[in-house]
Amino acid sequence: ASSQSFMFDAEGQTWTIAKSAESDWLTVNPADQIAANGKVTFKASANDSEGAVERNATVTFTTGEKTKTVTINQAAPAVTPGE
């Protein structure tokens, strides 16, 4: 599991936040909108179950006709020979 934060300039507007389907492994905070300049945090749960594969998600920020999209990629766990 890991997390990453970044500062978001809301440009004085309210932006909605939406995650792509099948991205329950990713938490976004704030979860649904941001209305002021502030921090947005992505937290990914560990990708360590048996048979895990690389997974990807997109998070889309929208206000009016403006859209910003962030793509999050999480690698599959390394497999050690002989396991």
Side-chain angles (χ1 to χ4, degrees):
S2 65
S3 67
Q4 181 69 44
S5 298
F6 70 93
M7 297 305 293
F8 188 87
D9 179 357
E11 302 173 352
Q13 300 175 16
T14 299
W15 292 71
T16 59
I17 302 171
K19 292 190 312 179
S20 57
E22 299 181 26
S23 60
D24 57 337
W25 56 273
L26 180 69
T27 303
V28 180
N29 186 20
D32 57 2
Q33 71 179 18
I34 188 166
N37 298 344
K39 181 169 63 172
V40 176
T41 302
F42 299 125
K43 183 174 183 181
S45 62
N47 189 14
D48 58 4
S49 62
E50 186 174 326
V53 296
E54 178 179 334
R55 49 193 184 185
N56 305 290
T58 57
V59 179
T60 304
F61 299 84
T62 306
T63 187
E65 294 184 18
K66 292 183 182 180
T67 300
K68 309 272 185 194
T69 301
V70 177
T71 302
I72 296 93
N73 303 308
Q74 188 180 44
V79 177
T80 305
E83 286 189 350

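Just so you know, these numbers use all the heavy atoms, side chains as well, and skip hydrogens, waters and symmetry mates.
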Should [X] and [Y] count as side-chain neighbours, where that means a heavy-atom distance under 4.5 Å?
X: Thr58; Y: Ile72; result: no
X: Asn37; Y: Met7; result: no
X: Thr60; Y: Val70; result: no

Atom [atom1] in [X], atom [atom2] in [Y]: separation rounded to 0.5 Å?
X: Lys39; Y: Phe8; atom1: NZ; atom2: CZ; result: 15.5 Å
X: Phe42; Y: Ser5; atom1: CZ; atom2: OG; result: 9.0 Å
X: Thr63; Y: Ile17; atom1: OG1; atom2: CD1; result: 11.5 Å
X: Gln13; Y: Gln33; atom1: CD; atom2: CD; result: 13.0 Å
X: Asn56; Y: Ser23; atom1: CG; atom2: OG; result: 11.0 Å
X: Leu26; Y: Ser45; atom1: CG; atom2: OG; result: 8.5 Å

Query raised in the report: So Phe6 and Phe61, would you call those rings parallel, tilted or perpendicular, with 30° and 60° as cut-offs?
Result: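 If you compare the ring of Phe6 with that of Phe61, the planes turn out perpendicular.
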Query raised in the report: Do side-chain atoms of Asn47 reach the backbone of Ala75 as a donor and acceptor pair under 3.5 angstrom?
Result: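 Answer holds: yes.
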Query raised in the report: Between Arg55 and Glu22, is the closest basic N to carboxylate O distance under 4.0 Å?
Result: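 No salt bridge links Glu22 with Arg55.
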Query - Crowding at CD, Gln4 (>12 non-hydrogen neighbours, <6.0 Å) - result: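 No, not enclosed.
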